[in-house]
Amino acid sequence: MKTIKLDNEGFLKVNFRLNSKDISVLVKPNESLLDVIRRLGYKGAKRGCDTGDCGSCAVILGGKAILSCIIPAFLADGEDILTIEGLGNVLNPHPIQEAFAESGAVQCGYCIPGIIMSTKFLLDRIPDPDEKDIKHHLDGNLCRCTGYVKQIEAVKMAASRLKNNKKNKE
């Protein structure tokens, strides 16, 4: 178990890698990882509920998709964190991002970063998921704009593209 030491002002020093960048930051003991990530300028993870119910704040921490609104920031000490900004961007999108855009799975966009990060976690674990796997891994992500059909199609499209990219590299 990690020893937690507060400084004289009641802050903790936390070190982690965020989107491949080394970060050292002071956090309050009760500050969420979402709050810290957004304070650092990464606005892709959204604040939807603050209770872990909507999935809009999903990021990958230590290789696992987590809800950053309910995780204390100090638990990220020594970990790798990936947010939507670290996955890809407009000029160099990740195949998952491309698949979501091309399949029409993006509407208002508020929930999409969390859904894409959940998809990344899924496809890292199960490269060729069936519809049951997809529904299970997207279950914690709420979207008010879609019926999820296009999002499921996007995950299937992304899985196929990633598989083809892997074959082409071999």
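It should be emphasised that the depicted structure is a prediction, and the values quoted were computed from it without experimental measurement.
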task: Could you identify which residues cluster with L34, counting Ile, Leu, Val, Met, Phe, Trp and Tyr as linked when any side-chain heavy atoms lie under 4.5 Å apart, either directly or through a chain of such contacts?
output: none
query: Which atom pair, heavy atoms only, marks the closest approach of L123 to A159?
result: CD2-CB, 3.7 Å
message: As an exercise, state the distance from SG of C57 to CE of M117, rounded to the nearest 0.5 Å.
response: 11.5 Å
query: How would you list all residue pairs meeting side-chain hydrogen bond (donor to acceptor under 3.5 Å, both in side chains) that involve residues 103-112, not counting sequence neighbours?
result: none
- request: Would you please test K43 and E85 for salt bridge (charged side-chain N to carboxylate O under 4.0 Å, His left out) and show each step?
  value: CA-CA 8 Å; K43 306 295 186 190; E85 293 94 342; over 6 Å; no
message: With clusters defined by side-chain heavy atoms of hydrophobic residues (ILVMFWY) lying less than 4.5 Å apart, directly or transitively, does L87 cluster with L61?
response: no
message: Under the criterion salt bridge (charged side-chain N to carboxylate O under 4.0 Å, His left out), I'd like the reasoning laid out for K150 against E102: C-alpha separation, chi angles, the key distance, then a yes or no.
response: CA-CA 10 Å; K150 296 282 187 185; E102 291 174 23; over 6 Å; no
query: Salt bridge between D35 and K28, side-chain N to carboxylate O under 4.0 Å?
result: no
task: Please answer: with hydrophobic residues joined when any side-chain heavy atoms are less than 4.5 Å apart, are V155 and I126 in the same cluster?
output: yes
- prompt: Roughly how far, to the nearest 0.5 Å, is OG of S32 from CG of L67?
  reply: 11.5 Å
message: If you compare all heavy atoms of A58 against all heavy atoms of G114, which two are closest, and at what distance to 0.1 Å?
response: CB-O, 3.7 Å
query: So which heavy atom on Y42 is nearest to which on N19, and how close?
result: CE2-ND2, 3.3 Å
